[in-house]
Amino acid sequence: MASALTMRSGHARTATNRAEIKAVCLDVDDTLVDFTRAARSALFALIGRDDMWPAWQRATDEFVARCVSGELDSTTMRELRTKAFFAEQLGIQLDDHTVTALEARRLTRMCAAWRLFPDVVPCLDWLRAAGLRIAAVTNASGGPQQHAKLADMGITRYFDAVLIAGELGAAKPDPRIFHAACQRLHVQPHQTVHIGDRLDLDAVGARDAGLHGVWLNRDTTDQHPTPPPDIHQIADLEDLPELLVWHYATVPTPRR
């Protein structure tokens, strides 16, 4: 694993940062849960085509931001997003009854398709055994859905705190959500590592908030941005324990 970490992260296998790491924050969707696969398949089942996924993502980002700001509740957000998507991208005007039924069908299918990545539980087991405090930090709009997702995946027990943008009113890369996570974990930002699949929102956002940012890049292609030199990159969560031990000199201390 050592050589793999050195090659994938682009950083030497030396403990150059002597920060005392006491906590780890993890993004949820596409970091712990294979969200995109589930959501994309649910959209395909709804409209019968896959080429509209980028447009769906753009519409989702727009309406989720309105939800996080408090303008919309999560249910209204999803239905307005779906109605706008059908109108603007497919030229189909949906009445309220139809959009409610379609969104319920899409949501049910998506939730049924959620799966953990295979490296998640071993990593969480290690973090808990090492005595580190753990938080889930997600930009999701709906609190109940996210809590249900973690419970359905069987990983709620690992987390000392769960931060959801829709509940907090702030989303990554806003420093407030990172600082709120640190407060709930009773640690300082410089004692905390945050890992997520988005370089901009997760790794760089965490770094700018005073945490240590790690980019989880599961994409094996070469078509992705180069992270800044102070951002570590790992290809899967199997590499996280070694990164914590070798770079951050994290000494496992079992919880009492």
Side-chain donor/acceptor of [X] to backbone N/O of [Y], under 3.5 Å:
{"X": "S74", "Y": "G142", "result": "no"}
{"X": "D95", "Y": "T98", "result": "yes"}
{"X": "D160", "Y": "I134", "result": "yes"}

**OP:** Begin from the C-alpha positions of C67 and D73 and carry the test side chain to side chain contact (heavy atoms under 4.5 Å, CB included) through to its verdict.
**Re:** CA-CA 6 Å; C67 185; D73 63 76; 5.8 Å; no
Student check: side-chain heavy atoms of [X] and [Y] closer than 4.5 Å:
{"X": "T138", "Y": "L163", "value": "no"}
{"X": "L243", "Y": "D239", "value": "no"}
{"X": "L199", "Y": "P228", "value": "yes"}
{"X": "W246", "Y": "E242", "value": "yes"}
{"X": "R133", "Y": "V187", "value": "yes"}
{"X": "I195", "Y": "D202", "value": "no"}
{"X": "V162", "Y": "Q146", "value": "no"}
{"X": "L102", "Y": "F86", "value": "yes"}

Within this structure, what is the [atom1]-[atom2] distance for the pair [X] and [Y], rounded to the nearest 0.5 Å?
{"X": "Q89", "Y": "I92", "atom1": "CD", "atom2": "CD1", "result": "11.5 Å"}
{"X": "T36", "Y": "M110", "atom1": "OG1", "atom2": "CE", "result": "10.5 Å"}
{"X": "I234", "Y": "N217", "atom1": "CD1", "atom2": "CG", "result": "10.0 Å"}
{"X": "F178", "Y": "L211", "atom1": "CZ", "atom2": "CG", "result": "7.0 Å"}
{"X": "R207", "Y": "W215", "atom1": "CZ", "atom2": "CH2", "result": "13.5 Å"}
{"X": "D174", "Y": "L168", "atom1": "CG", "atom2": "CG", "result": "8.0 Å"}

**OP:** Would you sort out whether E103 and K83 count as a salt bridge (Lys or Arg N to Asp or Glu O under 4.0 Å), showing the intermediate values?
**Re:** CA-CA 9 Å; E103 180 56 28; K83 178 179 282 190; over 6 Å; no
Taking all heavy atoms of [X] and all of [Y], pick out the closest pair and write down the distance.
{"X": "I164", "Y": "A140", "result": "CG2-O, 3.4 Å"}
{"X": "C182", "Y": "T192", "result": "SG-OG1, 3.6 Å"}
{"X": "A209", "Y": "H179", "result": "O-NE2, 2.8 Å"}
{"X": "C123", "Y": "L240", "result": "SG-CD2, 3.7 Å"}
{"X": "Y248", "Y": "H232", "result": "OH-CD2, 3.7 Å"}
{"X": "F159", "Y": "A136", "result": "CD2-N, 3.6 Å"}

**OP:** Before giving the answer on side chain to side chain contact (heavy atoms under 4.5 Å, CB included), spell out for L244 and W126 the whole-Å C-alpha distance, their side-chain angles and the decisive distance to 0.1 Å.
**Re:** CA-CA 11 Å; L244 292 172; W126 188 92; 3.8 Å; yes
Original post:
Which pairs pass salt bridge (charged side-chain N to carboxylate O under 4.0 Å, His left out) with one or both residues in residues 39-50, sequence neighbours excluded?
Top reply: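 Listed once each, the pairs are R40-D50, R49-D51.
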**OP:** Could you name each residue pair satisfying salt bridge (charged side-chain N to carboxylate O under 4.0 Å, His left out) that touches residues 188-199, not counting sequence neighbours?
**Re:**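 The answer is R198-D200.
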With the 4.5 Å side-chain cut-off for hydrophobic clustering, are [X] and [Y] part of the same group?
{"X": "L116", "Y": "V137", "result": "no"}
{"X": "I177", "Y": "V204", "result": "no"}
{"X": "L94", "Y": "L80", "result": "no"}
{"X": "M153", "Y": "L127", "result": "yes"}
{"X": "F85", "Y": "L72", "result": "no"}

Original post:
Going through the checks in order, is the side chain to side chain contact (heavy atoms under 4.5 Å, CB included) test met by F44 and M52?
Top reply: CA-CA 9 Å; F44 178 81; M52 302 301 294; over 6 Å; no
Original post:
Who passes ring-ring contact (aromatic ring centres under 6.0 Å, His included) against F63, sequence neighbours left out?
Top reply: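 Partners of F63 by the ring-ring contact (aromatic ring centres under 6.0 Å, His included) criterion come out as none, since no residue qualifies.
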**OP:** List in chain and number order the residues that pass side chain to side chain donor-acceptor pair (under 3.5 Å) with T100, two or more places apart in sequence or in another chain; answer none if no residue qualifies.
**Re:**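 Result, side chain to side chain donor-acceptor pair (under 3.5 Å) vs T100: E79.
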Subject >> Partner set under side chain to side chain donor-acceptor pair (under 3.5 Å) for R105, not counting sequence neighbours >> reply: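 Listed in chain order: nothing, the list is empty.
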**OP:** Kindly determine whether L43 and W53 satisfy side chain to side chain contact (heavy atoms under 4.5 Å, CB included), including the steps that lead there.
**Re:** CA-CA 8 Å; L43 180 65; W53 176 247; 3.8 Å; yes
**OP:** For residues H212 and H194, establish whether the separation of their ring centroids is below 6.0 Å.
**Re:**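 They do not qualify: ring centres at least 6.0 Å apart.
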Original post:
Do R81 and T60 have side-chain N/O donor and acceptor atoms under 3.5 Å apart?
Top reply: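 Yes - a donor-acceptor pair under 3.5 Å links their side chains.
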Subject >> D34 bridged to R218 by N-O distance under 4.0 Å >> reply: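 Here D34 does not pair with R218 in a salt bridge, since their nearest N and O are not under 4.0 Å apart.
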Please report, to 0.1 Å, the donor-acceptor pairs under 3.5 Å made by any side chain of residues 21-29, with sequence neighbours excluded.
| from | atom 1 | to | atom 2 | distance (Å) |
| --- | --- | --- | --- | --- |
| D27 | OD1 | K172 | NZ | 2.8 |
| D27 | OD2 | T31 | OG1 | 2.8 |
| D29 | OD1 | K149 | NZ | 2.4 |
| D29 | OD2 | K149 | NZ | 3.4 |

Original post:
What do the steps show when you test R106 against T82 for side-chain hydrogen bond (donor to acceptor under 3.5 Å, both in side chains), and what is the final call?
Top reply: CA-CA 10 Å; R106 186 198 66 83; T82 300; 4.8 Å; no
